[in-house]
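Since we're looking at a predicted model, the values are computed, not measured. Read the numbers this way: they start at 1 and go in the same order the structure lists the ligands and their atoms. Numbering of residues begins at 1 and proceeds along the displayed sequence. FYI, side chains are in, hydrogens and waters are out, and symmetry mates aren't considered; it's all heavy atoms of this structure.
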Amino acid sequence: MADSDTLTNALRDLIWANHILHHHGVVDAYGHISIRHPTDSSVYIMCGYMAPAMVSSPSDLIQYHVSNSDPIDPDAQKGYSERFIHGEIFKRFPRVNCVVHSHAEEVLPYVVTTQVPLRAVYHMAGFLGSKPVKVFDIDHHYEHGDQRDMLVRNARFGAALAHMFGGRETPNETVVLMKRHGFTCVAGNLVTAVYRAIYTKINAEVQTKAMTMAKMHSYGVDGQSGFGGLTEEQGEGCKVMCETYQDKPWRLWVREVERNPLYENTLSEEGV
Ligand SMILES: [Zn+2]
């Protein structure tokens with residue numbers, strides 16, 4: 001494959017990955033994904049200053065020097081202030097070719113209170129390992145005069161975060177949490193990094209719910225300790241009510257899938 005084809009395919013995947021991460025709630029207007037240039041390891045690529053969902057073409061992407069996170073094109077559009085997360089990880093780990101940074105709210109409880117560590121709790125999150133996921137605290141790296149906004153906005157902060165991943169050519173950690181901020185995950189390729197980002201988020205959600213259920217179990221479900229279900233009469237009444245009004249959500253659900261080009265139904269008619 002010609003180098004130009006290799007680059008085009010990588011950029012196509014990067015644009016898709018921006019959309020996929022948005023679709024799965026890993027990024028909103030914030031958060032970002034980068035790749036190492038497929039034919040020049042001294043360069044990395046990520047989108048400019050825009051929400052990932054808005055990226056649509058190679059002209060939205062910026063190439064940066066791994067060495068210092070300066071843009072290759074001095075006249076490049078504005079980029080992310082947190083690109084140093086990506087640049088310093090690519091610099092430290094030659095085997096890392098994709099980095100994702102996220103503020104996904106499912107993960108945030110684990111970076112707000114670090115008393116409950118994030119752990120792999122089901123089979124899709126084996127990449128998190130068997131130990132608590134490490135937490136990077138930028139507060140330890142502030143110096144006099146630094147703006148303390150938690151952002152990894154320079155190479156010093158980026159290098160400190162990269163250091164938390166441990167290891168040499170290949171990092172020991174796949175994911176590092178960032179206190180009061182979010183998380184960053186890495187991989188040798190884009191698909192694996194996207195997978196890890198999505199399942200880090202889902203694992204956090206599952207862990208939170210499972211721990212909540214475990215706590216509820218200790219309270220009991222008999223209504224004696226503040227938690228209880230509907231009574232038999234309430235259940236019967238609510239069942240009748242729900243079945244009376246269920247046509248309203250049904251029309252909404254049909255509209256949602258009809259208007260999404262992902263779903264096709266050859267028997268579909270507008271105006272159901
Ligand atoms: Zn951030």
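A side-chain donor-acceptor contact under 3.5 Å links His19 to the backbone of Val55.
Around the Zn ion (ligand 1), the protein N, O or S atoms closer than 2.8 Å are Glu82 OE1, His101 NE2, His103 NE2, His181 NE2, listed by chain and residue number.
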Going by atom type alone, with no hydrogens or angles, which donor-acceptor pairs under 3.5 Å involve a side-chain atom of residues 155-164 and a protein atom two or more places apart or on another chain?
residue: Arg156; atom: NH1; partner: His141; partner atom: O; Å: 2.8
residue: Arg156; atom: NH1; partner: Asp146; partner atom: OD2; Å: 3.3
residue: Arg156; atom: NH2; partner: Asp146; partner atom: OD1; Å: 3.0
residue: Arg156; atom: NH2; partner: Asp146; partner atom: OD2; Å: 3.1
residue: His163; atom: ND1; partner: Arg92; partner atom: NH2; Å: 3.3

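Note on ring orientation: taking the six-membered ring where Trp is involved, the planes of His32 and Tyr80 are tilted (angle from 30° to 60°).
By the ring pair (Phe, Tyr, Trp, His ring centres under 6.0 Å) test, His103 is found to be paired with His101, His181, residues two or more places apart in sequence or in another chain being considered. Thr192 meets the side chain to side chain donor-acceptor pair (under 3.5 Å) test with Asn189; sequence neighbours excluded.
Within a 6.0 Å sphere centred on OH of Tyr122, heavy atoms belonging to other residues, nucleotides or ligands number more than 12.
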